[in-house]
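See structure below.
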Number of protein chains: 2
Amino acid sequence: MNIQFKKGVLELCVFAILEDGDCYGYELVNKISKNITISEGTIYPLLRRLTKEGYFKTYLVESSEGPPRKYYKITPEGLVVYKNLKKQWFSFVEGVNNVIERGDDSE
Amino acid sequence: MNIQFKKGVLELCVFAILEDGDCYGYELVNKISKNITISEGTIYPLLRRLTKEGYFKTYLVESSEGPPRKYYKITPEGLVVYKNLKKQWFSFVEGVNNVIERGDDSE
DNA sequence: CAAACTACCTTGCATAGCAATGTAGTGAAC
DNA sequence: GTTCACTACATTGCTATGCAAGGTAGTTTG
């Protein structure tokens with residue numbers, strides 16, 4: 001899979017999944033992996049960053065299957081950023097499709 | 001516009017436009033700019049790289065409106081790479097849409 | 001206690017886009 | 001006749017993000 005394509009989009013994916021319900025990091029990796037190749041080394045720093053920026057809050061939950069899980073919950077600010085990012089993504093894809101399908105738009 | 005989204009995709013756009021007919025750098029910037037914000041500082045290094053990798057050939061054409069134009073022509077190898085990249089792009093977009101729309105796929 | 005799984009985390013590297021800047025040619029304005 | 005705007009090429013240093021590779025620690029199975 002083309003690594004470059006993912007730049008900025010994984011952030012959007014994480015937002016989208018968390019909007020549907022709180023998750024912990026390892027769970028996010030597994031969910032995203034069903035559709036896009038992703039590694040833990042990508043997700044954890046991303047979650048830290050977005051938490052630091054105030055878009056997520058975290059809480060720990062004990063697990064009977066391993067170490068405690070750090071759950072991430074989207075904040076109201078995060079929700080605003082997410083909706084904006086989602087719009088940008090769709091309009092970007094539309095722009096790319098215009099270029100690809102017509103090579104050019106006018107004339 | 002989100003800069004990160006463009007990573008790797010501008011390459012695809014350049015391929016797509018050149019598949020439709022030879023262009024010079026400045027022209028490519030203008031064509032892509034109709035749909036996606038782009039700067040010259042991005043396009044010229046990209047064209048150099050893809051030419052060096054054997055995906056484009058170039059030829060100069062005098063212009064009455066300024067300095068000579070360097071036209072880029074896609075090579076057979078370039079065409080193969082382009083078709084592959086295009087497939088990857090569409091499958092990537094599909095994957096992202098799956099994540100965004102369902103948050104998850106299974107269950 | 002070793003292997004396999006869950007679950008967290010960090011470091012250094014590669015990549016691509018961009019702003020800023022520079023060079024030259026043409027043509028119009030003043 | 002020189003200043004401005006446009007065409008058209010190009011380079012440098014910066015930034016951001018994803019990844020491989022590595023590590024820590026808890027649980028369960030043998």
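So that the names make sense, note that chain A is the first sequence line, chain B the second, and so on, each numbered from 1.
By the side-chain hydrogen bond (donor to acceptor under 3.5 Å, both in side chains) test, B:Glu19 pairs with no residue at all, sequence neighbours left out. For A:Arg48, there are no side-chain hydrogen bond (donor to acceptor under 3.5 Å, both in side chains) partners at least two apart in sequence or on another chain. Qualifying ring-ring contact (aromatic ring centres under 6.0 Å, His included) partners for A:Phe5, counting only residues two or more places apart in sequence or in other chains: B:Trp89, B:Phe92. Residues meeting the side chain to side chain contact (heavy atoms under 4.5 Å, CB included) test with A:Glu27, sequence neighbours left out: A:Cys23, A:Tyr24, A:Lys31, A:Tyr71. By the salt bridge (Lys or Arg N to Asp or Glu O under 4.0 Å) test, A:Glu40 is found to be paired with no residue, residues two or more places apart in sequence or in another chain being considered.
A:Ile43 has its side chain within reach of A:Ile32: a pair of non-hydrogen atoms, C-beta onward, lies under 4.5 Å apart. At least one side-chain heavy atom of B:Lys6 sits less than 4.5 Å from a side-chain heavy atom of B:Met1.
Looking at B:Asn84 and B:Gln88, their side chains do bring a donor and an acceptor atom within 3.5 Å of each other.
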List every contact pair, protein side and nucleotides 18-22 of chain C side both N or O, where the distance is under 3.5 Å.
| unit_1 | atom_1 | unit_2 | atom_2 | d |
| --- | --- | --- | --- | --- |
| C:dC18 | OP1 | B:Lys6 | NZ | 2.3 |
| C:dC18 | OP2 | B:Thr42 | OG1 | 2.5 |

Using a cut-off of under 3.5 Å, enumerate the N/O to N/O pairs linking the protein to nucleotides 26-30 of chain D.
| unit_1 | atom_1 | unit_2 | atom_2 | d |
| --- | --- | --- | --- | --- |
| D:dT27 | O3' | A:Ser64 | O | 3.0 |

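Mapping B:Gly25 and A:Lys7 onto DNA chain D by nearest heavy atom places B:Gly25 at the nucleotide closer to the 5' end.
Rounded to whole Å, the distance from CG on B:Leu28 to P on D:dT7 is 15 Å. For the pair A:Met1 CE and C:dT15 P, the interatomic distance rounds to 19 Å; values are reported in whole Å. To the nearest angstrom, P of C:dC9 lies 6 Å from CZ of A:Arg48. Whole-Å rounding puts the A:Gln4 CD to D:dT17 C1' distance at 9 Å. Taking atom OH of residue B:Tyr71 and atom P of nucleotide D:dC9, one finds them 9 Å apart after rounding to whole Å. The CD-P distance, from B:Glu11 to C:dT15, rounds to 12 Å in whole Å. For the pair A:Phe5 CZ and C:dA16 C1', the computed distance is 12 Å after rounding to whole Å. Note: OH (A:Tyr24) to P (C:dT6) measures 9 Å, nearest angstrom.
A salt bridge (Lys or Arg N to Asp or Glu O under 4.0 Å) check over residues 54-72 of chain B, counting only residues at least two apart or in different chains, returns the pairs B:Glu65-B:Arg69. Identified under the salt bridge (Lys or Arg N to Asp or Glu O under 4.0 Å) test for residues 79-92 of chain A, with sequence neighbours left out: none. Among residues at least two apart or in separate chains, salt bridge (Lys or Arg N to Asp or Glu O under 4.0 Å) pairs with a member in residues 8-17 of chain B are B:Glu11-B:Arg49. Sorted by first and then second residue, the ring-ring contact (aromatic ring centres under 6.0 Å, His included) pairs involving residues 26-56 of chain A (not counting sequence neighbours) are A:Phe15-A:Phe56.
Distances shown here put every side-chain N or O of B:Arg69 at or beyond 4.0 Å from the OP1 or OP2 atom of D:dC9. Look at B:Tyr26 and you won't find any side-chain N or O under 4.0 angstrom from OP1 or OP2 of D:dC9. Between D:dC9 and B:Tyr44, a contact under 4.0 Å exists linking OP1 or OP2 to a side-chain N or O.
Each end of the helix from C:dC1-D:dG30 to C:dC30-D:dG1 gets its own rotation axis from five pairs of C1' atoms, and the angle between them is 10° to the nearest 10 degrees.
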